[in-house]
Amino acid sequence: MDTHRLPDTTDGCAAQRAVPFRRGGRLIALGAAVERLFVWLRPWLPVVHGVMFVGFLAILFVPLLLDDPAAEDGPFDHFTVMVHTLLWGLWFPLAFLSVALTGRSWCGLLCPMGAGSEWAGKVGLKRPVPAWLRWPGTPVASFILVTVWGQTVGVRDHPEAAAILFGSVFAAALVIGFLFGRGKRAWCRHACPIGLLLGVYSRLGGVEFAPKRPEPGGDRWTEKTVCPTLIDLRRKTESRHCIECFRCVGPASQGGLYLKLRVPGAEIETVSAHNPSLSEVLFLFMGTGVALGGFLWLVLPSYQHLRMAVGDWGIDQGWYWLGEPGPRWLMAVYPERREVFRWLDFILIVGYMLSWLAALTATLSATTAASAWLSARLAPGAEWKARFVQLGYQYAPVAMVSLLLGLGSGLFDTLALLGLGPSAVLGAKGLCFALGALWSLRLGDRLLAAQGVPAATRWIPLLPGALGSFAIGAAWYPALFGA
């Protein structure tokens with residue numbers, strides 16, 4: 001009878017299970033040692049998250065209880081100055097830098113927002129993640145909104161603005177965790193503005209969590225998984241959603257995932273096998289553009305000329321409301337610090353940033369489209385759209401460096417505090433950008449080789465990519481080097 005039939009151990013799945021797992025990647029012994037260490041530390045991660053949670057709340061709200069620091073106060077003279085240094089001189093740039101080495105390790109090991117969202121989910125309504133939250137454009141919109149909002153409220157200059165912005169994002173993380181995801185980190189995967197940013201650049205990272213028993217079918221989303229970011233672990237092929245929490249890792253197990261060390265950039269070089277995404281590439285372009293606009297309005301005289309022209313025109317039209325200040329939660333209104341934004345400032349800052357977003361997105365889309373068209377002419381085969389998406393990733397290093405130098409500029413202010421002169425700081429910035437541009441060219445060459453373009457003609461479709469990197473550098477130059 002069928003009920004007494006022995007299991008068939010000759011099928012493909014059983015045969016696969018019979019093969020002992022062998023660790024792959026570079027520096028195998030080091031990878032295994034790092035894996036064992038973090039699995040041993042895993043029970044302590046909730047304690048780390050709790051400390052980070054309390055510390056983050058202190059960083060946000062304690063400065064509100066203190067008097068403003070004096071102009072000459074340093075990080076060790078006033079808590080508010082220390083908080084500013086920690087946020088903009090260390091936390092953001094170092095979290096950003098860590099991506100190129102270890103992927104989204106910040107998110108899984110240290111981030112208090114993600115941990116708070118997951119805690120809220122465990123006691124919340126546990127509703128399924130809705131379609132609007134799973135839409136690929138949701139984290140893109142989240143990043144653009146937070147970046148623009150940070151500029152209009154003056155998040156770098158005023159502790160009240162930092163509390164408003166980061167406190168609101170923190171609250172959103174808790175609410176989404178409470179409502180959706182069934183105890184998972186729906187916030188981290190679908191809505192966190194910094195999560196998508198780190199996720200895109202985690203493809204450059206030197207760490208990968210790979211399935212020990214991979215199954216075909218490509219990367220998939222599922223709520224039926226131990227993974228807090230809803231990855232179907234058996235079919236995991238990409239790094240951008242993995243927060244490296246080590247919950248799926250068991251060194252003695254023949255299943256699950258394992259930590260694999262690789263050459264930085266290897267995932268992008270073979271991105272066709274790692275679930276490339278058009279929305280991810282467009283975010284790479286748009287995120288760079290909106291961050292660029294957030295700095296150029298501060299340094300370019302064209303913004304001030306535009307402000308004067310629009311202000312005069314508004315007066316001629318009798319639109320005196322343009323000269324009125326708005327609410328503090330929307331724009332910087334701090335007369336005691338001699339900074340008051342009007343509705344005119346708010347509208348122009350938002351418009352200026354979105355204009356740079358559109359301009360840089362159009363420029364990089366055009367250069368990528370040209371590279372894809374030339375690639376198709378030189379090596380017929382894959383369709384143009386697939387080539388476009390793959391080649392869009394070549395800008396990841398130069399875009400990452402430009403954002404680091406811009407959004408993480410506080411790191412270089414910290415270097416100046418340590419004694420580096422202005423010339424040395426500018427030289428460090430220039431070197432970082434040059435290395436990023438060269439890395440982008442290298443990735444472009446490898447991507448074209450994977451598309452079958454012969455080495456002798458590969459320089460032809462590389463030219464538009466080099467032009468795109470030059471465009472990023474030329475646009476960022478005034479913001480980075482003050483010229």
Side-chain angles (χ1 to χ4, degrees), residues 7-26 28 31-32 34-36 38-39 42 45 102-105 107-109 114 118 121 126 128-129 131 133-134 136 139 180-190 195-196 198-200 202-203 205-262 266-277 279-280 389-390:
D8 184 357
T9 58
T10 62
D11 61 24
C13 292
Q16 185 187 49
R17 287 193 295 270
V19 178
F21 160 69
R22 296 192 177 215
R23 180 179 294 273
R26 301 295 183 94
I28 291 175
V34 172
E35 179 183 284
R36 288 193 299 270
F38 279 93
V39 169
R42 187 168 56 196
L45 288 183
T102 63
R104 291 182 64 178
S105 55
C107 301
L109 301 179
E118 186 174 357
K126 296 182 173 62
V129 180
L133 190 57
R134 287 188 280 114
F180 307 117
R182 295 173 178 168
K184 306 294 185 182
R185 291 197 184 191
W187 164 261
C188 297
R189 172 152 187 156
H190 298 299
L196 176 61
L198 298 180
V200 171
S202 70
R203 290 185 181 271
V207 170
E208 175 187 5
F209 283 69
K212 294 179 178 178
R213 305 292 182 195
E215 294 188 9
D219 213 282
R220 294 184 185 179
W221 177 96
T222 179
E223 291 186 349
K224 297 179 180 180
T225 175
V226 299
C227 176
T229 52
L230 307 154
I231 299 171
D232 186 337
L233 297 174
R234 298 167 300 173
R235 294 180 172 85
K236 182 179 181 294
T237 61
E238 58 176 311
S239 298
R240 63 174 170 149
H241 297 305
C242 177
I243 61 171
E244 303 183 3
C245 61
F246 285 87
R247 299 182 204 182
C248 58
V249 176
S253 171
Q254 288 292 308
L257 271 61
Y258 72 100
L259 188 148
K260 176 181 177 182
L261 300 181
R262 62 188 183 185
E267 182 171 325
I268 289 183
E269 291 182 10
T270 57
V271 74
S272 61
H274 298 284
N275 198 29
S277 167
S279 63
E280 194 176 13
V389 172
Q390 293 164 19

Using a strict 4.0 Å threshold on nitrogen-to-oxygen distance, state whether E35 and R23 make a salt bridge.
yes

Does some side-chain heavy atom of C107 sit less than 4.5 Å from a side-chain heavy atom of C188?
no

I'd like to know if the side chain of R234 reaches the main chain of P211, judged simply by a donor and an acceptor atom lying under 3.5 Å from each other, with no hydrogens or angles considered.
no

Any side-chain to backbone donor/acceptor pair from R213 onto Q254? Under 3.5 Å, distance only.
yes

Does any part of the side chain of H190, heavy atoms only, come nearer than 4.5 Å to the side chain of W221, both counted from C-beta?
yes

Test your reading of the model: is there a side-chain donor-acceptor pair from D219 to the backbone of T237, 3.5 Å cut-off?
yes

Kindly check if the number of other-residue, nucleotide or ligand heavy atoms within 6.0 Å of CZ (R42) is above 12?
yes

Can you give me the closest heavy-atom contact between P228 and I243, atom names plus distance?
CG-CD1, 3.9 Å

Just by distance, do the side chain of K184 and the backbone of T225 share a donor-acceptor pair under 3.5 Å?
yes

Backbone N or O of P216 within a donor-acceptor pair of the R235 side chain at under 3.5 Å?
yes

R134 side chain to V129 main-chain N or O, any donor-acceptor pair under 3.5 Å?
yes

Once rounded to the nearest 0.5 Å, what's the spacing between atom CD of E269 and atom NE2 of H274?
10.0 Å

Within the structure provided, determine whether F180 and L133 are in side-chain contact (heavy-atom separation under 4.5 Å).
yes

For residues V389 and S277, determine if any side-chain heavy atom of one lies less than 4.5 Å from a side-chain heavy atom of the other.
no

Scan side-chain atoms only and decide if S239 and E267 contain a donor-acceptor pair under the 3.5 Å cut-off.
yes

Quick check for you: to the nearest 0.5 Å, what is the distance between R203 atom CZ and E208 atom CD?
10.5 Å

Out of curiosity, I231 CD1 to T222 OG1, how far, rounded to the nearest 0.5 Å?
11.0 Å

Taking all atoms of both residues into account, what is the closest heavy-atom pair of A186 and L230, and its distance?
CA-CD1, 4.4 Å

Do S105 and V207 touch side chain to side chain, with heavy atoms closer than 4.5 Å?
no

Residues which pass salt bridge (Lys or Arg N to Asp or Glu O under 4.0 Å) with R104, listed by chain and number, not counting sequence neighbours:
none

So which heavy atom on F209 is nearest to which on K236, and how close?
O-NZ, 2.8 Å

Kindly compute the distance separating SG (C227) from CG (L257), expressed to the nearest 0.5 Å.
8.5 Å

Taking only residues two or more places apart in sequence or in another chain, which ones pass salt bridge (Lys or Arg N to Asp or Glu O under 4.0 Å) with R189?
none

Can you name the closest pair of heavy atoms from V200 and R240 and give their distance?
N-CB, 4.4 Å

Give me the atom names and distance for the closest heavy-atom approach of L233 to C248.
CD1-CB, 3.6 Å

Smallest separation among heavy atoms of C245 and L45, with atom names
O-CD1, 3.9 Å

Could you check whether the rings of F38 and F246 sit parallel, tilted or perpendicular, using 30° and 60° as the cut-offs?
parallel

Tell me whether the guanidinium CZ or amine NZ of K212 lies under 6.0 angstrom from the six-membered ring centre of F21 and within 45° of its axis.
yes

Side chain of S253, backbone of V249: donor and acceptor closer than 3.5 Å?
no

